[in-house]
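These notes are about the structure you will find just below.
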Amino acid sequence: MKGFTHFMTGIAIATCFGLAVRASVDQMSQIIILGGIFGYLPDFLDFQVSRFLVDFDYEVDPTLERNIDPQRIADMFVEAIHKARDSGKETKIKFNTMKMGADTWRQYGIMVDADNKRIVVKVGPLVTTGKTPLPGTEPKGDEAIGVAYYNANLIHTYEAWTYADIMSGPDYSIIPEKDGSLRLDFIAWHRKWSHSITAGLAFAPLGVLLYLGLTAAFAGEWVINIEMTMTAFMICLYGYWIHVIVDQFGVMGSNLFPPFTKKRSKGLGLFHSGLSIANFGTNWISVAVILYNLNYWATERTFTTNLFKYFGITTVIPLVALALIRYFWLRHEEKGKAHHDATEGELDYMEKMDEMMEYGSGRNV
Amino acid sequence: MNFYLLCILVAIAGTLVAAVISCILPGLHVYNVMGFVVLFYLPVMDSIEPFLMLMFLAGMVTGFGLLFTISSQYFSAPDDTTAFYFMPTQKYLMDGRGHESAMLAGIGGLIGIFGLVLVLPFSMHFLQMLRELVSPHTHWLLGSIMAFLLISEWPREYGRGKIHLFSIGKEHISLLDSGRIPPILKILLLEKRINLGNNAALSKPRSYEWEILDGRRLIIIHRISEKNAEAGMELMVLMRTSKWIRIGEAYKSKAAGWLTFGLASWLGMLVFFKTLVPPERAFQTLMPVFVGLFSVSAIILALISKVKIPKQHLAKSYDIKGVTIAQSGGSGFLSGMFAAFVPAVTPGISATLGGNATGLRDDKVFIITGGVNRVVYYVGALCLFLLPLLHLRRGGMAINVNLFFVPQTVEQYLIITAAVAICGFIAFILLLFTSKFIAKVVEKFSYQTLNLIVLFIVMSIIFLMTGFMGLMLMLVAAMIGLVPVMWNSRRLNLLAVILVPIWLNMAGVGAQIAELLGLV
């Protein structure tokens with residue numbers, strides 16, 4: 001899910017605490033914001049901290065070359081695969097991007113062709129930061145393609161192109177398995193430990209410290225109200241956990257109980273995280289929950305209705321209508337076109353690329 | 001003459017005035033112009049019907065909502081609302097598609113007006129209820145927006161942390177190939193306080209790289225591709241920095257964002273708690289600040305960057321799909337209404353939140369959404385003020401109008417709605433022709449001269465309206481406005497100038513913080 005969506009679910013969770021809502025009216029408390037911050041925190045930890053801490057064994061850095069050489073990139077990838085095979089250790093490779101001008105980047109694609117045991121690298125056109133290709137800028141012929149063969153049992157679920165173009169490029173971890181095969185993991189540092197129940201427990205106390213510190217700063221003295229402190233703890237914890245839970249609806253899943261578990265468990269696969277309608281729908285539900293709670297905990301209620309009627313009218317009916325419109329619209333758009341259902345691997349990859357797009361790049365606004 | 005017809009004609013006159021202002025005086029905000037108009041109107045209030053004045057202002061704000069696209073597109077004078085879609089529009093301009101971009105924003109404006117006319121009359125009860133429910137919580141709502149802006153700005157890092165040390169000659173390749181480190185390299189590294197030690201050796205050379213691991217930093221010696229090498233081939237020596245240095249480098253842009261936020265907050269507190277401009281012009285205090293933060297900083301950048309506008313292509317069709325209109329219309333309308341409804345939230349902020357909430361990325365969607373958002377904010381604020389049961393006073397328009405007019409009847413609201421629809425249509429036609437004309441001539445002018453003229457006009461107006469202190473305030477704001485531009489961080493952080501003071505006041509600690517800052 002997008003960062004904003006997680007932020008909103010965190011706020012929605014925070015409004016479930018009557019003490020927090022009432023304190024925000026009676027004491028002008030800002031405690032509800034903690035929910036949003038902790039709802040966002042797991043992605044912050046991954047994309048704004050963890051990814052800078054990874055030491056790569058191999059880094060493809062085409063900026064060093066006057067002209068990009070696809071064969072060298074393919075060779076380097078194969079070398080990394082063989083290193084992982086021979087050493088039995090995880091090997092990490094990063095494909096850096098190539099900035100050519102203020103708003104132009106050289107695109108290159110990498111494909112792992114597991115059937116033919118080869119890595120194919122293709123140099124693409126110059127693209128803008130909005131990923132719009134500039135016509136006529138692609139290199140032609142042999143200079144545009146590099147192919148290198150590897151000798152290993154590489155398990156890769158998505159045999160299609162990964163592109164390095166704008167901002168920070170993609171990276172892979174090549175992880176040796178017990179059976180001697182090698183597992184290729186795209187942005188392996190993502191959801192490795194941060195998107196977990198245990199991390200939530202570890203970070204929630206920091207939220208409490210933040211709350212106490214800010215309260216003391218404004219009050220000019222340490223004021224510890226046990227009830228409010230406990231509420232702050234629960235808001236931080238549930239805000240964090242709701243992020244982890246919402247992400248389980250996607251394909252990628254996460255490692256739920258590190259250090260007790262080591263691998264990411266699969267998600268439910270209902271949608272991929274960048275899907276507009278999924279984000280919009282989740283935000284819609286969050287807003288409905290927030291408004292319901294603000295009314296429910298208010299001293300004088302603005303409206304009176306039961307829970308089922310409220311969510312039926314404000315949430316179920318509009319979202320079902322929206323989903324139906326989208327369904328028929330897509331059916332109309334795709335009429336006559338060849339249909340291809342994305343595989344699980346493709347969905348997993350799309351989800352990761354979506355998150356890379358959001359956090360690893362974006363507009364400067 | 002029929003009174004209703006007169007009302008519509010007056011509103012159209014307002015739109016025409018807005019058209020002239022948008023094209024001749026870029027960088028000037030409609031609310032500042034409005035303040036100016038109201039200043040002249042108040043002494044003659046008894047002789048001119050207040051409702052006619054309101055119609056004039058309604059026409060002006062509608063016209064401005066659509067036509068300000070001209071100055072922001074061609075004259076690089078973005079305000080707080082256009083900061084949101086500044087980048088794609090500028091990209092379109094530099095691709096020779098400035099007219100297309102202006103029209104996309106204009107189409108967005110039309111969608112916004114259509115939405116307002118269609119939706120608002122049926123939302124009275126809902127909006128009244130929403131206001132009652134949300135009003136006591138506005139302080140944490142603003143706090144949440146600020147928290148999101150601060151944490152969601154991403155650190156920028158495009159590759160490995162690296163330092164280009166120097167280039168060494170071809171003669172060292174045989175030494176490197178045999179696994180030894182050239183003495184000259186050791187000496188040069190020593191100058192960088194890196195002592196390789198006696199045991200340092202080259203790792204197994206790959207096809208074009210060698211690595212030295214000295215325990216602290218990885219040093220990579222990179223040979224430029226043989227294929228592309230020229231006579232006297234060189235090597236580049238790079239140091240891969242430690243992970244913490246990498247984080248430091250990446251966080252430079254984020255730190256610049258936080259610095260911008262802090263400086264803008266301080267400036268906001270200053271203008272909210274100190275009277276810096278002549279007291280009789282106090283209602284225009286924010287004018288030099290906004291002009292400095294958004295317009296002057298962009299003009300300075302344009303002057304430095306020596307941009308030359310390419311020949312503009314006049315597109316005959318804009319290739320917009322139905323889904324693009326639906327997505328940008330929905331996202332822009334909701335975010336524009338959010339900005340019109342919640343105090344201190346400007347379209348720039350709401351559009352960013354809207355874009356995040358819906359996960360839309362495309363440049364066209366981005367520009368159209370900006371157009372919808374901006375019109376819904378400006379015109380929507382006026383409609384919400386007049387909307388029966390609600391009469392919400394938000395934004396400069398409602399505050400200025402409220403000085404001489406109190407909304408009373410449903411009929412007034414309906415006339416205004418009709419005027420907005422008609423003026424919106426006229427403004428769109430004006431936009432079409434004006435944009436075409438400017439697109440044809442803009443390449444013939446020196447962009448720098450144009451920006452110098454704009455700068456002169458803007459500074460003159462600021463001086464005339466707010467005096468020397470206003471000019472100083474504008475310059476300070478412009479310096480702050482340059483921080484995000486120079487360090488590639490978010491310009492939205494500049495909006496802390498109004499967000500922070502209003503948030504602190506709503507949370508009941510504004511005066512306390514101002515005292516801490518030595519402002520009261």
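Computed from a predicted model, the values in this text were never measured in an experiment. Throughout, a chain's letter reflects where its sequence line sits, starting with A, and its residues are numbered from 1.
- Using a distance-only test at 3.5 Å, with no hydrogens or angles considered, a donor-acceptor pair links the side chain of N283(A) to the main chain of A357(B).
- For chain B, the nearby parts of L291(A) are the backbone and the side chain; heavy atoms of each come within less than 4.5 Å.
- I33(A) and A147(B) get closest at one heavy-atom pair: CG2-CB, 3.7 Å.
- Contact of S50(A) with chain B is not made at all, since no heavy-atom distance falls under 4.5 Å.
- Contacts of V54(A) with chain B are made by backbone atoms alone, with heavy-atom separations under 4.5 Å and no side-chain atom involved.
- Only the side chain of L130(B) comes within less than 4.5 Å of a heavy atom of chain A; its backbone N, CA, C and O stay farther away.
- With a 4.5 angstrom heavy-atom cutoff, I513(B) touches chain A only via side-chain atoms.
- When all heavy atoms of Q30(A) and W503(B) are compared, the closest pair comes out as OE1-NE1, 3.0 Å.
- When every heavy atom of S144(B) is checked against every heavy atom of F7(A), the shortest pair comes out as O-CZ, 3.3 Å.
- Chain A forms more heavy-atom pairs under 4.5 Å with one residue of M506(B), E132(B), Q512(B) than with any other, namely E132(B).
- Here the side chains of F280(A) and L334(B) are in contact, with some heavy-atom distance below 4.5 Å.
- Put simply, OG1 on T314(A) and CZ on F126(B) are 9.5 Å apart, with the number rounded to the nearest 0.5 Å.
- By the 4.5 Å heavy-atom criterion applied to side chains, L133(B) and F303(A) are counted as neighbours.
- Side-chain contact check for H137(B) versus V21(A): some heavy-atom pair is nearer than 4.5 Å.
- Across every non-hydrogen atom of Y40(A) and S152(B), the tightest pair is OH-CA, 3.3 Å.
- Contact annotation for S29(A): only backbone heavy atoms (N, CA, C, O) come within less than 4.5 Å of a heavy atom of chain B.
- Across every non-hydrogen atom of W329(A) and V323(B), the tightest pair is CZ2-N, 3.3 Å.
- Looking at L294(A), both its backbone and its side chain come within 4.5 Å of chain B, counting heavy atoms on both sides.
- N295(A) touches chain B through backbone and side chain together, each having a heavy atom under 4.5 Å away.
- More than 12 heavy-atom neighbours from other residues, nucleotides or ligands sit within 6.0 angstrom of CG on D26(A).
- Residue K321(B) does not touch chain A at all, counting heavy-atom pairs closer than 4.5 Å.
- Closest non-hydrogen pair, T302(A) versus M129(B), comes out as CG2-CG, 3.2 Å.
- Using a distance-only test at 3.5 Å, with no hydrogens or angles considered, a donor-acceptor pair links the side chain of Q48(A) to the main chain of I151(B).
- The line from CE of M28(A) to CG of L504(B) is 12.5 Å long, rounded to the nearest 0.5 Å.
- Around the CH2 atom of W487(B), the shell of radius 6.0 Å holds no more than 12 heavy atoms that belong to other residues, nucleotides or ligands.
- Proximity to chain A involves both the backbone and the side chain of H139(B), based on heavy atoms less than 4.5 angstrom apart.
- Interface remark: I11(A) contributes side-chain atoms only to the contact with chain B (heavy atom separation under 4.5 Å).
- If you measure heavy-atom distances from L141(B) to chain A, you find no contacts under 4.5 Å at all.
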